[in-house]
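Starting from 1, each residue takes its place in the sequence as its number.
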Amino acid sequence: MNSTLFSLAFSSIIGSTASTVVVPAMDQSEWQVSGNQFQCRMQQQLGSMATLSFSQEPAKALELLLEMDSKHLQLQDVQGRLIPADWQPGQLAPAVQLSASEISQSQARFVEQVPVALQQLQQGYWLELWLDLPGQELSLRVPNLKSAAALTEFQHCTTSLLPMSWQQARDYQLSYVPGERQPNAAGLEHLQLLARYIKEDKAVRKVLIDGHSDDAGTSLANRLVSGERADEVAARLIEWGVPKKQLEIRAHGNRYPLARNQSNNRVILRLIRSAG
C-alpha cells in the first residue's frame with residue numbers, strides 16, 4: 001500500500017503482515033453532534049479517508065454508518081470491535097463484535113451490538129474497524145477523545161425523537177367491531193402519538209379522516225355510523241392539540257367496501273405534506 005495516500009490525514013500508518021493499521025491524527029479526532037426530532041447523528045471525520053457516524057431516526061434502531069470518502073475504496077467486508085485507548089494498552093476491552101449488516105460499495109451499515117458499543121464509548125474505549133478492500137486490508141482505529149459532552153448531547157437528542165417515523169404516520173387504519181363508534185385502546189394510543197407527530201412536523205398541512213362502515217343497515221344509517229367514527233377520531237386529535245383547520249373529515253358509509261370476507265368497519269387517516 002502506498003503510504004503517501006494518507007500522509008496528510010493521518011498521524012501514523014503502520015505496516016503489518018496481516019493488514020495496514022491506520023490511526024487518524026489525534027488533534028483532528030472529535031465527535032460532532034447534529035440533529036432534531038427527526039434524526040440524531042454523532043459523527044467523526046476520519047481524516048480524508050472516511051466518516052463514521054452513529055445515527056438514529058424515530059422508531060428505528062440505532063445504527064453505525066461508515067462512509068468512505070474515496071469512491072475508489074470499495075468495501076467488501078467490514079468487522080469491528082472495541083479496543084483500549086492507545087495509552088491503556090494493558091486494559092481489556094469488552095468482547096463486543098460488530099458485523100456490517102449491509103455493505104454497498106463505499107458504505108457499511110451496522111445495527112447489531114451498536115447500542116452496546118455506544119455505551120462502552122462512555123467508558124473511554126475506542127473502536128477498531130477491519131476493512132476488507134480489493135487487494136488490501138486495513139485496520140482503522142477510531143479515537144474516542146473528550147467525548148463525554150458529545151455523548152450526552154447525542155443521548156439527549158435521541159430521547160427527543162418523535163414517537164414514529166413519517167412512514168408510520170402518513171397512513172393508518174383504525175378497525176372497529178360492527179356498530180362501534182369509539183376507537184379501541186390500541187387505536188387511541190396510536191392517535192395520541194400521531195397527534196404529537198402532526199404538531200411537530202411543520203410540513204404536514206392536512207389530515208384526511210375517512211370513515212367507513214359495513215352494509216348492515218340502510219345507506220343513510222351506514223353513512224351516519226361512518227361519519228360518527230370519523231368525527232370521534234377528529235375530536236381526539238383536536239383534544240391532543242391538532243388544529244381543527246388541518247382536519248378534513250369524510251363519511252363514506254359502505255360505498256368503498258374491502259375485499260369479500262374483510263370488515264369494512266374502519267377509519268383511515270392520511271397525512272398530506274407540503275411539496276418540498
- Message: Please determine whether side chain to side chain contact (heavy atoms under 4.5 Å, CB included) holds for the pair Met26 and Asp86, giving the CA-CA distance in whole Å, both sets of side-chain angles, and the decisive distance to 0.1 Å.
- Response: CA-CA 11 Å; Met26 298 295 182; Asp86 271 3; 3.8 Å; yes

- Message: Taking transitive links into account, so neighbours of neighbours count too, which hydrophobic residues share a cluster with Leu224 at under 4.5 Å side-chain distance?
- Response: Leu220

- Message: Which Ile, Leu, Val, Met, Phe, Trp or Tyr residues join Ile272 in one cluster when any pair of side-chain heavy atoms under 4.5 Å counts as a link?
- Response: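 The other cluster members (ILVMFWY side chains, heavy atoms under 4.5 Å, direct or chained) are Leu208.
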
Would you check if [X] and [Y] make a side-chain contact, meaning some heavy-atom pair closer than 4.5 Å?
X      : Y      : value
Leu66  : Leu131 : yes
Met49  : Met68  : yes
Arg270 : Asp210 : yes
Ile198 : Leu271 : yes

Donor-acceptor pair between [X] and [Y] side chains, under 3.5 angstrom:
X      : Y      : result
Ser147 : Asn144 : yes
Ser139 : Glu128 : yes
Arg41  : Ser53  : yes
Gln79  : Asp132 : no
Asp214 : Asn264 : no

- Message: Within a 6.0 Å radius of atom CZ on Arg223, are there more than 12 heavy atoms belonging to other residues, nucleotides or ligands?
- Response: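 No - once you tally the heavy atoms of other residues, nucleotides and ligands closer than 6.0 Å, there are 12 at most.
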
- Counting distance only, does the side-chain N/O of Ser263 pair as donor-acceptor with the main-chain N or O of Asn265 below 3.5 Å?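 Yes; at least one donor-acceptor contact below 3.5 Å.
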
- Examine distances only and state if a side-chain atom of Thr218 and a backbone atom of Ala221 form a donor-acceptor pair shorter than 3.5 Å.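 Yes, because the side chain of Thr218 sits within donor-acceptor range (under 3.5 Å) of the backbone of Ala221.
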
- Task: For the pair Leu75 and Asp77, evaluate side chain to side chain contact (heavy atoms under 4.5 Å, CB included) and give the outcome as yes or no after the intermediate values.
- Result: CA-CA 6 Å; Leu75 299 170; Asp77 188 25; over 6 Å; no

If you look at every heavy atom in [X] and [Y], which pair is closest and at what distance?
X      : Y      : value
Ser213 : Ser226 : N-CB, 4.1 Å
Leu52  : Trp31  : O-CZ3, 3.7 Å
Leu46  : Pro24  : CD2-CG, 4.0 Å
Leu129 : Gly80  : CD2-CA, 3.8 Å
Arg229 : Gly179 : NH2-N, 3.5 Å
Gln182 : Arg236 : OE1-NH2, 3.7 Å

- Leu258 and Arg266: CA distance, side-chain angles, deciding distance, side chain to side chain contact (heavy atoms under 4.5 Å, CB included) verdict: CA-CA 10 Å; Leu258 294 173; Arg266 57 200 169 105; 3.6 Å; yes

- Message: Quick one, Arg273 with Asp201, criterion salt bridge (charged side-chain N to carboxylate O under 4.0 Å, His left out). Give me CA distance, side-chain angles, the key distance, then yes/no.
- Response: CA-CA 9 Å; Arg273 268 178 164 173; Asp201 189 347; 2.7 Å; yes

Spatial distance of atom [atom1] ([X]) from atom [atom2] ([Y]) [nearest 0.5 Å]:
X      : Y      : atom1 : atom2 : value
Leu82  : Leu98  : CG    : CG    : 6.5 Å
Arg141 : Ser29  : CZ    : OG    : 13.0 Å
Ser55  : Arg109 : OG    : CZ    : 8.0 Å

- Under the side chain to side chain contact (heavy atoms under 4.5 Å, CB included) criterion, do Arg181 and Val225 qualify, and how do the steps go? CA-CA 7 Å; Arg181 273 77 165 168; Val225 170; 3.3 Å; yes

Anything under 3.5 Å between a donor and an acceptor, one on a side chain of residues 113-124, the other on a protein residue two or more places apart or in another chain? List them.
| unit_1 | atom_1 | unit_2 | atom_2 | d |
| --- | --- | --- | --- | --- |
| Gln122 | NE2 | Gln155 | OE1 | 3.2 |

- Item | With Gln37 via side-chain contact (heavy atoms from CB on, under 4.5 Å) - residues at least two apart | Leu162, Glu200

Side-chain donor-acceptor contacts of residues 238-249 below 3.5 Å, not counting sequence neighbours, with atom names and distances?
| unit_1 | atom_1 | unit_2 | atom_2 | d |
| --- | --- | --- | --- | --- |
| Gln246 | NE2 | Val204 | O | 2.9 |
| Glu248 | OE1 | Lys206 | NZ | 3.2 |

- Message: Among residues at least two apart in sequence or on other chains, which ones pass side-chain hydrogen bond (donor to acceptor under 3.5 Å, both in side chains) with Gln107?
- Response: Glu67

- Pairs touching residues 70-173 that satisfy disulfide bond (SG atoms under 2.5 Å apart), sequence neighbours left out: Cys40-Cys157

- Item | Pairing residues for Tyr176 by the ring-ring contact (aromatic ring centres under 6.0 Å, His included) criterion, not counting sequence neighbours | none

- Item | Test ring-ring contact (aromatic ring centres under 6.0 Å, His included) applied to Phe38 - qualifying residues, sequence neighbours left out |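 With neighbours one apart ignored, the set is empty.
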
Would you list the atom pairs, donor with acceptor, under 3.5 Å between side chains in residues 185-196 and any protein atom, with sequence neighbours excluded?
| unit_1 | atom_1 | unit_2 | atom_2 | d |
| --- | --- | --- | --- | --- |
| Arg196 | NH2 | Leu161 | O | 3.4 |

- Residue pairs involving residues 118-148 (criterion ring pair (Phe, Tyr, Trp, His ring centres under 6.0 Å); sequence neighbours excluded): Trp87-Trp126

- Mind jotting down which residue pairs meet the ring pair (Phe, Tyr, Trp, His ring centres under 6.0 Å) criterion with at least one end in residues 209-239? Sequence neighbours excluded, please.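 Sorted result for residues 209-239: His212-His252.
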
